[in-house]
Amino acid sequence: MNQLHDLLPLAVGMLISPLPIVAIVAITLAPRGRTAAPAYASVFIGVSLVFIVVGALTSAGSSSASPSGTAKTVSFILAIVLTLGFAALAIASWLSRPRHGQPPKAPAWLAALDSVTPAKAAALGLIMAVTNTKNIPLALKGGALIGEAHLPLLAAGGLCLALVVVGSLPLIVAASVATSGSAAVTKALERVKTEMIAHNAIIMTVLFAILAANEAAQVIRHLI
């Protein structure tokens, strides 16, 4: 129960996802964005919720069947793995940044979104959710923290929903504004897409470094 406050940094980590945000912004700007954007967001959020629930169920089952010492050991090992994993991803993101004078490369699939349909948007949401190397471990760990708390079913379900909603706020907002035909909104979304593509590597480097530091703090907490 005392570790539930760790859900907030996990939710923030899930929230900052440049490529999924770029994707939904591009879908929103497409001719069929009003129907395609909600389809993309719904599938992406649904898959994220599945990972959270899996983490919660797995953690609740293992912690109830294992001694508290074993549960702490598993948590300690998980924190070490996540620390090393996020640190490696931070280094990889930094090395992938555009060199001085080089324009940032937009993902190849981005150009195809101009003619996206709701079905294709939903498929893209599924692909991006199940291949998201940042959000999956965060969702699983968030679910694990909820499961370890052994809360009543309704409370645990509410926390799972709250975690996925906070972690998906940019997608929810973008899907909501898809119904607006405002020129100002369109211009703002175009700028968001451009900036996200231009600074994707730097954003992900900083984010992965912060997540690695947060997990390292969990490791130190277990050692003290």
Side-chain angles (χ1 to χ4, degrees), residues 1-21 44-45 47-98 128-151 156 159-171 196 199-224:
M1 188 75 175
N2 293 332
Q3 291 186 326
L4 288 179
H5 64 274
D6 291 331
L7 289 176
L8 183 57
L10 295 178
V12 173
M14 292 172 64
L15 184 150
I16 305 173
S17 299
L19 287 184
I21 294 173
F44 190 98
I45 294 169
V47 173
S48 299
L49 181 59
V50 168
F51 281 117
I52 294 172
V53 172
V54 168
L57 293 176
T58 303
S59 176
S62 62
S63 62
S64 61
S66 305
S68 59
T70 303
K72 288 182 179 179
T73 301
V74 171
S75 178
F76 176 59
I77 294 173
L78 179 61
I80 293 175
V81 171
L82 288 177
T83 299
L84 296 176
F86 285 138
L89 289 170
I91 294 171
S93 295
W94 177 253
L95 294 177
S96 69
R97 75 194 188 282
M128 297 203 76
V130 299
T131 58
N132 196 314
T133 54
K134 171 180 67 67
N135 281 17
I136 291 174
L138 293 179
L140 289 172
K141 182 168 183 180
L145 291 176
I146 295 170
E148 289 172 2
H150 297 292
L151 299 169
L159 277 177
C160 289
L161 287 173
L163 178 59
V164 77
V165 167
V166 174
S168 306
L169 275 179
L171 305 187
M196 284 288 186
H199 303 293
N200 174 57
I202 301 299
I203 293 171
M204 296 308 295
T205 298
V206 173
L207 179 59
F208 281 131
I210 292 172
L211 292 173
N214 182 65
E215 293 302 323
Q218 302 297 325
V219 173
I220 295 172
R221 186 186 303 174
H222 279 89
L223 293 174
I224 295 177

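Side chains included, hydrogens not; waters and symmetry mates left out as well; all remaining heavy atoms used.
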| query | Hey, does the side chain of Ser17 reach the backbone of Met14 with a donor-acceptor pair shorter than 3.5 angstrom? | reply | yes
| query | Of all residues at least two apart in sequence or in a different chain, which pass the side-chain hydrogen bond (donor to acceptor under 3.5 Å, both in side chains) check with Asn200? | reply | none
| message | For Asn132 versus Pro20, what's the shortest heavy-atom pair and its separation? | response | ND2-CG, 3.8 Å
| said: So, using side-chain contact (heavy atoms from CB on, under 4.5 Å) as the criterion, who are the partners of Ala129 when residues are at least two apart? | reply: Phe44, Val47
| query | Where is the tightest heavy-atom contact between Leu82 and Pro137, given as atom of each residue plus distance? | reply | CD2-CB, 3.6 Å
| task | Evaluate the side-chain proximity of Asp6 to Gln218: yes if any heavy-atom separation is below 4.5 Å, no if none is. | result | yes
| remark: Across all chains, not counting sequence neighbours, the side-chain contact (heavy atoms from CB on, under 4.5 Å) partners of Leu140 are Phe51, Val54, Ile136
| Nearest non-hydrogen partners of Met204 and Ser93, listed with the distance | CB-OG, 3.8 Å
| field | Nearest heavy atoms of Ser59 and Glu148, plus distance in Å | value | OG-CG, 2.8 Å
| said: Which residues pass the side-chain contact (heavy atoms from CB on, under 4.5 Å) test with Ile77, not counting sequence neighbours? | reply: Thr73, Val81
| task | Can you see which heavy atom on Ser48 is nearest to which on Ala139, and at what distance? | result | O-CB, 4.1 Å
| query | Does the Thr58 side chain pair with the main chain of Gly55, one donor and one acceptor, at a distance under 3.5 Å? | reply | no
| request: Look up atom CZ in Phe86 and atom CD1 in Ile210, then write down how far apart they are to the nearest 0.5 Å. | output: 12.0 Å
Show me the donor-acceptor pairs within less than 3.5 Å that the side chains of residues 160-167 make with the rest of the protein, sequence neighbours left out.
none

| query | Hey, does Leu211 have a side-chain heavy atom less than 4.5 Å from the side chain of Leu138? | reply | yes
| task | Scan residues 131-146 for pairs that pass salt bridge (Lys or Arg N to Asp or Glu O under 4.0 Å), counting only residues two or more places apart or in two chains. | result | Lys141-Glu215
| message | Suppose we screen for side-chain contact (heavy atoms from CB on, under 4.5 Å). Which residues come up paired with Ala216, at least two apart in sequence or across chains? | response | Thr83
| request: Sequence neighbours left out, what passes side-chain hydrogen bond (donor to acceptor under 3.5 Å, both in side chains) with Ser168? Give chain and number order. | output: none
| message | Working to the nearest 0.5 angstrom, can you tell me the gap between Leu15 CG and Asn135 CG? | response | 9.0 Å
